[in-house]
Amino acid sequence: MPLTNLTTNIAADTVAVRVDDPSLIGLSMEDKYIRCFPVGSRFPDRYVLHSAVNRLSAKYNFLVTKAAKNSLKCACSGVVKSNSTGARKASISFKTDCKWSITIRGTEQINGNYRLGEGDECIISKLNLAHNCSPTPAKFLCIQKKAGRGITQLTTNTKYLLCMMLHDEPCIAVRSIRNLLTRVSPNKSQQWTTKQIWYIRAHVLGMMKDMPKECFESYQMFSAQFVDEDMSAIFRNATSLATVTDEAAAASRSVWQSMMNKSQDDGSADSLLVGFLNEMKELYTGFDFRISSDPMSGEITGVAYMTSSMRGALEKFGDYLSLDAMRHEFNKLHWPYIAPVVKREDGTICVTCESIVLQESHDAYIFVINAMYEMAPMCSRKDVRIVSADGIMDETFVQERLNFSNARFIEDIWHLLSGILPKAFGQMVFSRMKMDVQSMIRAETEEEFNRLASAARSHVQHNASLLIKFEKFLERKSCFASYIIRNIPGNMNIKGSTPGEQNHSSIKSHLGKEYYAEIDCLVRDLLHRQNYLSLERTRKITENNIRLASENHKCAGDVEMQRASAGVSGSLNFHGFIMWKRGYDIASRLKYEHRDSQGMDTIYVSGSSRNSEDMREVTPKVPCPFKWCKGNTHLIQCQHKICRNGMKFDISECAKRWHFSEIVEKLNRSDTTMISDGLCSRASIVRNAEDDVVGAEDDVVGAEDDVVG
């Protein structure tokens, strides 16, 4: 095979052909790669490129690895070192120093180098399509097995033994699984690595979740599951993961670059911004935007946009909104950035809409909120329980102007102490009363609050105007007093707009302190950040789902727990399950009794096992009478409600943020309202996020089936 080593000037975009394009039929392998992955072609990130390359390479019996950030190489690249673990154990190696490679680089040049970060858009800069490893079907299957996919080669009997081991002890030692595989493997010289065993254990746990419990009662019932359906399909279902992808965010830079290449002149900043947003909306279903303009001059005064993952976050976690503006001068017009922020079930934050407006004002916030709910018509403002923001708004503005009729307003403590109060009372006076005010805000009881308020009042009692200001400040105590905020249902133990400040820190960290660009470039880079956050969300969901599977197996031996938690494992996510389980453990130690109240049977539950005399009536569908429990702060079935329900699970007592929902990745333009948050389905509890050998799961498995056939 002749050597193919291609480089060229890649200033302009090169159009690539899809791997399954009919025009490729009859071409050689080299010609197919040159047409599908030409030098200069762009891809949203190296993971997308890696998946597409493996899809084609599997047809020619070789696999491609992400050897480094700037290259993809054949799995047989490199040489075996004499001091390596494999050489010491005399294991079989397929490394032949193969030179087949695809070199990539980033799109932005920094200090003379093209930096390629995690999730960044990449460009193919060089192709080297010469093989010296002689790809064969047998070697192809062996390399897959070494990559942790040996589970597909195991017999049904071996799988049954693994299921029995993991059913009793999901976290069984690696050496126990290695001993079993060494005994049953036809290749006695094979060395099972810890990484391979971890993957096999994860695959088996995923398979066990999708099979009925009756299958594990005997080997005959277990093996019957593999008679009528393809065995590889079962494992694909057990390990498939609907990742949290945001196509619009992932392709924002490529769309922007394509638009700039098409434009004949630079144009104004407004026209470039509108053109970029229109292009994004035209290409991607989940993307939408709104623009506000001055009614007199017609000039743009603000822009707000939303992606599919933002819409899903609003739908699932939108009962607590944090609003704040960032005035950091990231853009040349010095327009502030405003984004409503929510907190997920695992404590991480997510924006539900992003906007850049002329100035921070009441009209700007009204525009952002109206635009957000226009772009997410399935979400209702009536579902919002709490809105936190700084001193630019109050509860009247939130309920009447923003139309959050059921929401309570919480004022941000940091803005209150660092800006609003020093400006109202003067720096010198406030410095004397600051300690008393801080303690007053954090008071746990009303008596303590009043005592500290009297101490703070003593600093201004000789100044009539300041005394009036202080009394007006105390009238708003429902917005900042800790003892009042903690009694608001669904407060999540958050005081103020902390999620909004966390989002600002994330933006500064991603863009850099010296970032300064036009608004269209800022929107492009903010969308790129959203893509990075989606990838991180995928990783965390995968970890939590594996932990959830382990927790479910731990509960399998507890008959009482199994009876009480019927429906929990299929209804709550990992954090919701852990919180409910802790509540169940506490509920088993609580005292409860039936009492006759006005001819009706009511149930009274004790507050805690230590204070069993404090009995209060617990009623379904209403807040728990014990204000401090998680049933009120986190809106989940607490220990008192579990007792009230006869030690059984009730999904209606749990807020939407704790539900286990399924992601919907591709939808029609008319169905954008159905896009969900991006949580993976119950069947997908495992993901090979770190697999550097196997690319696209379905494509490689399909190719494997072809080879075996």
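This chain uses plain numbering: 1 for the first residue, then up along the sequence.
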**Asked** Would one find more than 12 heavy atoms of other residues, nucleotides or ligands at under 6.0 Å from atom NZ of Lys434?
**Response** no
Under 3.5 Å donor-acceptor, [X] side chain and [Y] backbone:
| X | Y | answer |
| --- | --- | --- |
| Ser355 | Ile338 | yes |
| Ser534 | Gln530 | yes |
| Glu446 | Tyr483 | no |
| Asn278 | Gly275 | no |
| Gln399 | Ala407 | yes |
| Ser482 | Ile441 | yes |
| Asp324 | Ala389 | no |
| Ser418 | Trp414 | yes |
| Trp658 | His634 | yes |
| Ser431 | Met428 | yes |

In the structure I gave you, are the side-chain heavy atoms of [X] and [Y] within less than 4.5 Å of one another anywhere?
| X | Y | value |
| --- | --- | --- |
| Arg657 | Asp319 | yes |
| Ser405 | Arg381 | no |
| Arg529 | Val351 | yes |
| Lys343 | Phe317 | no |
| Leu273 | Ile291 | no |
| Glu354 | Met306 | no |
| Arg385 | Tyr320 | no |
| Ser254 | Gln257 | no |

For [X] and [Y], which heavy atoms make the closest approach, and how far apart are they?
| X | Y | answer |
| --- | --- | --- |
| Cys379 | Arg311 | SG-O, 4.5 Å |
| Leu358 | Pro336 | O-CD, 3.5 Å |
| Tyr284 | Ala251 | OH-CB, 2.8 Å |
| Gly298 | Ser293 | O-CB, 3.8 Å |
| Ile636 | Cys654 | CG1-SG, 3.7 Å |
| Ile519 | Trp335 | CD1-CE3, 3.8 Å |

Under a 4.0 Å N-O cut-off, is there an ion pair linking [X] with [Y]?
| X | Y | value |
| --- | --- | --- |
| Glu471 | Arg457 | yes |
| Arg537 | Asp346 | yes |
| Glu444 | Arg486 | yes |
| Arg476 | Asp394 | no |
| Arg290 | Asp288 | yes |
| Glu121 | Arg46 | no |
| Arg253 | Asp525 | yes |

[atom1] of [X] to [atom2] of [Y]: how many Å apart, nearest 0.5 Å?
| X | Y | atom1 | atom2 | answer |
| --- | --- | --- | --- | --- |
| Arg524 | Leu527 | CZ | CG | 10.5 Å |
| Asn491 | Ile410 | CG | CD1 | 6.5 Å |
| Met280 | Tyr305 | CE | OH | 9.5 Å |
| His328 | Leu511 | NE2 | CG | 9.5 Å |
| Leu314 | Asp383 | CG | CG | 9.5 Å |
| Ile413 | Asp390 | CD1 | CG | 12.0 Å |

**Message:** Testing Ile485, Ile488, Leu321 one by one against Ile386 for a side-chain contact (heavy atoms from CB on, under 4.5 Å), which residue passes?
**Reply:** Ile488
Could you tell me if [Y] and [X] have a donor-acceptor pair between their side chains, going purely by distance under 3.5 Å?
| X | Y | value |
| --- | --- | --- |
| Thr301 | Ser292 | yes |
| Ser361 | Asp363 | no |
| His659 | Asn573 | no |
| Tyr365 | Asn370 | no |

**Message:** Does the plane of the ring in Phe480 sit parallel, tilted or perpendicular to the ring in Phe449? Use 30° and 60° as the thresholds.
**Reply:** tilted
**Request:** Can you label the angle between the His510 ring and the His528 ring as parallel, tilted or perpendicular, going by 30° and 60°?
**Result:** tilted
**Prompt:** What do the steps show when you test Lys508 against Phe330 for side-chain contact (heavy atoms from CB on, under 4.5 Å), and what is the final call?
**Reply:** CA-CA 9 Å; Lys508 292 176 183 178; Phe330 281 131; 3.9 Å; yes
**Prompt:** Step by step, would you call Phe660 with Phe574 a side-chain contact (heavy atoms from CB on, under 4.5 Å)?
**Reply:** CA-CA 8 Å; Phe660 202 111; Phe574 171 72; over 6 Å; no
**Request:** Given side-chain contact (heavy atoms from CB on, under 4.5 Å), test Lys477 with Ile484 step by step and report yes or no.
**Result:** CA-CA 8 Å; Lys477 66 179 182 180; Ile484 297 178; 4.1 Å; yes
**Request:** May I have the step-by-step check of side-chain hydrogen bond (donor to acceptor under 3.5 Å, both in side chains) for Asn503 and Tyr337, ending in yes or no?
**Result:** CA-CA 11 Å; Asn503 181 51; Tyr337 163 92; 3.3 Å; yes
**Request:** Evaluate side-chain contact (heavy atoms from CB on, under 4.5 Å) for Phe473 paired with Leu421, printing each intermediate quantity in order.
**Result:** CA-CA 9 Å; Phe473 168 64; Leu421 293 181; 3.9 Å; yes
